[in-house]
Structure formats: C-alpha cells, structure tokens
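Taking it in order: structure first as structure tokens, then the write-up.
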Amino acid sequence: MKLVVFLVATILVASQCHGASFRSFPLRLPTGYGDGASYGDVRCASWRLAVEAKNIFGFETIPEQCVEATANYIEGGQYQSDSKTVNQQVFFFARDREIHENDVVLFNIDGTVLSNVPYYSQHGYGSEKFNSTRYDEEFVNKGNAPALPETLKNYNKLLDLGLKVIFLTGRRTDKKAVTEANLKKAGYHTWEKLILKDPSNNQNSVEYKSTERAKLVQQGYRIIANVGDQWSGLSGHNVGIRTFKLPNPMYYIE
Ligand SMILES: *[C@@H]1O[C@H](CO)[C@@H](O)[C@H](O)[C@H]1NC(C)=O
C-alpha cells in the first residue's frame, strides 16, 4: 500500500516537473557508476583517476581494497577503451603534421607496447610489492608478452604516415635479444632504434630517459610524440613536441 502511494506521488510530482525526465527523477543513482557499483568501486575509480593525473604518485602497491576494481578495470574493457582513446590522439596529432625525414615517435615498452597484464594478473594487479628478479624470470625472459592491441594498431598507422619509431625502455641491455624477439613476435616488425639501459647506469627513469632523448635530438631526430604509461618517461627534458600518457593504474615508476 505504501509503495502504491509512493509510486502515485512520484508519478504526480514527475509529471508536474517540466524538464525533469521521469527516468532520471525518481531513479537517481547514488554512485554515478550504474546499478552494480559499490561505494568501493567509486572510490577506486577516483583513486585511478588521481594516479593517471599524477595527483597520486610514488606508491609501491595499489590499495588492498582496490584489487578487484583494478582487475575489473583491466580485464573488463575500460582499460582497452582508455588505451584506444590515447592512441587515437597520438595518431590524430601525427596525421595533422607535415612529416619530415627524421621525425620519430618514441614509445616506452612494458605497459605501453607490450602488455604485462599476464604477469600482473598473477600478482594481485599491483597489490604485491614489485620484485624485479621475479618479473624478469616469469615475464621478461619468457619473451611471450602480447602486444597492447590499441598501441599495435597505432604503431602500424604511424609507420604508414612515414614516421620512424624508437623504443626507449628501462629494460637492461642484457635483455636486448629477448626484447627484440618479443617485439617481433608481438607484431612490431620494424624500428629505428631500440634503446635499453646499461646495468651500471644508476640514474632514475626521468634522468636516464631525458639523457637518451637529448642524444636523439643531438643526432638530428625530432621527437614528434612521446608515448608511455609512466609519467617518468614523459617528464624531464627533451620530452618531445607532445607527450601522451597511456593508462596504468597498477604501478608507479620513479
Ligand atoms: C623475489 O623473487 C625471487 C625469485 O622468485 C625470490 O627468490 C625472492 O625471494 C624474492 N624477493 C623478495 C624480497 O620477495
């Protein structure tokens, strides 16, 4: 009985309320993320946005209560959609420019051109502390990483525009052969340069990548776009004409 009174009252109010749609008026949802979303999902989406915007940084592990939300984000399609959106912007930017002989697009590797989701899905989506020995053993050395599909599509389109591609990675030089083989296996069939880090180099990622980019500029390359999933690869000096941040809510590299 109460329900009937409520419904009638709701319909009356809604029908008198010009401009407010019946659908949105009585059914306003508290989360903004649809029926299934919990308060936790909403908080974790905020956390993820803050990470992408670099308002949250320097974390070693993701919040324990966001493991499931992160897994859903990565595996559920939103991650690929976000990746597609960024890659499309890279392409639009490059397409609208006049391309010169030494114009390059710079790509990071792990989390940018090769997916390390197969590893992170086995290690709590970033909730486990990073172990580089284990990462190399179980992931890098296997040489089996699949391409991130939206980046691979974009890579082929950029090559078609006449751009050169340079890979600049934090992987060490002893991983050169396995990295080359993995890139080819994943579909990245050509590149201008593959730059890996010397094991004796103690610079952090910002310093190391800035130094390598400065060398490229000195060699006469013009960095049109710099694409990476970590802010450290897009910061410092000689960052390129434009930087593009791919999504990665699972880890942060200084
Ligand atoms: C890191 O991984 C290696 C190889 O699996 C393991 O032997 C080592 O104990 C791990 N280190 C830590 C601190 O968990």
Side-chain angles (χ1 to χ4, degrees), residues 40 43-44 47-48 50-52 54-76 79-80 83 107-149 151-152 167-188 194-212 227-236 245-254:
R43 293 294 294 143
C44 291
W47 185 83
R48 197 176 71 237
V51 167
E52 296 304 348
K54 209 185 181 182
N55 290 314
I56 291 175
F57 53 89
F59 57 95
E60 282 199 327
T61 54
I62 68 167
E64 203 54 58
Q65 63 270 33
C66 291
V67 175
E68 204 183 319
T70 304
N72 290 339
Y73 168 77
I74 295 288
E75 312 285 0
Y79 175 51
Q80 183 164 353
S83 176
F107 283 99
N108 169 54
I109 294 186
D110 290 43
T112 297
V113 301
L114 296 178
S115 173
N116 48 20
V117 169
Y119 178 84
Y120 278 90
S121 64
Q122 299 301 306
H123 293 277
Y125 293 93
S127 59
E128 276 179 30
K129 234 177 121 175
F130 183 68
N131 178 330
S132 63
T133 312
R134 187 167 295 161
Y135 184 75
D136 283 352
E137 277 174 12
E138 294 180 11
F139 178 70
V140 175
N141 295 349
K142 296 259 191 321
N144 250 337
L148 277 156
T151 309
L152 180 58
F167 296 120
L168 174 54
T169 176
R171 288 186 177 200
R172 305 302 198 261
T173 44
D174 59 316
K175 307 294 179 204
K176 185 163 186 273
V178 74
T179 300
E180 285 174 342
N182 197 154
L183 285 169
K184 293 217 159 116
K185 188 173 177 186
Y188 299 93
L194 165 62
I195 304 169
L196 304 104
K197 193 176 182 183
D198 196 287
S200 67
N201 184 340
N202 290 322
Q203 289 176 314
N204 67 24
S205 180
V206 175
E207 295 163 348
Y208 154 64
K209 290 195 168 182
S210 292
T211 306
E212 293 302 325
V227 188
D229 65 290
Q230 295 294 318
W231 278 112
S232 56
L234 310 174
S235 318
K245 170 71 172 70
L246 284 170
N248 189 346
M250 297 184 293
Y251 58 87
Y252 177 88
I253 296 175
E254 203 74 57

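Numbering of ligands and ligand atoms starts at 1, following listing order.
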Closer than 4.0 Å and a protein heavy atom, does any atom meet both conditions relative to atom 11 (N) of ligand 1? yes
Backbone or side chain, does any N or O of Asn131 fall under 3.5 Å from an N or O of ligand 1? yes
Keeping Ser232 on the side-chain end and Ile253 on the backbone end, is there a donor-acceptor pair under 3.5 Å? yes
We want to know whether Asp198 and Thr173 form a side-chain donor-acceptor pair, criterion being a heavy-atom distance below 3.5 angstrom. no
For the pair Tyr135 and Tyr119, name the ring-plane relationship: parallel under 30°, tilted 30 to 60°, perpendicular over 60°. perpendicular
What residue and atom, counting heavy atoms only, is the protein's closest point to atom 5 (O) of ligand 1, and at what distance? Arg134 NE, 3.3 Å
Between the side chains of Lys142 and Asn182, does any donor sit under 3.5 Å from an acceptor? no
Contact partition for Glu137 relative to ligand 1, non-hydrogen atoms under 4.0 Å: side chain
Kindly state if atom 7 (O) of ligand 1 has a protein heavy atom within a strict 4.0 Å cut-off, that is, under 4.0 Å? no
Classify the ring geometry of Tyr120 against Tyr251: parallel below 30°, tilted from 30° to 60°, perpendicular beyond 60°. parallel
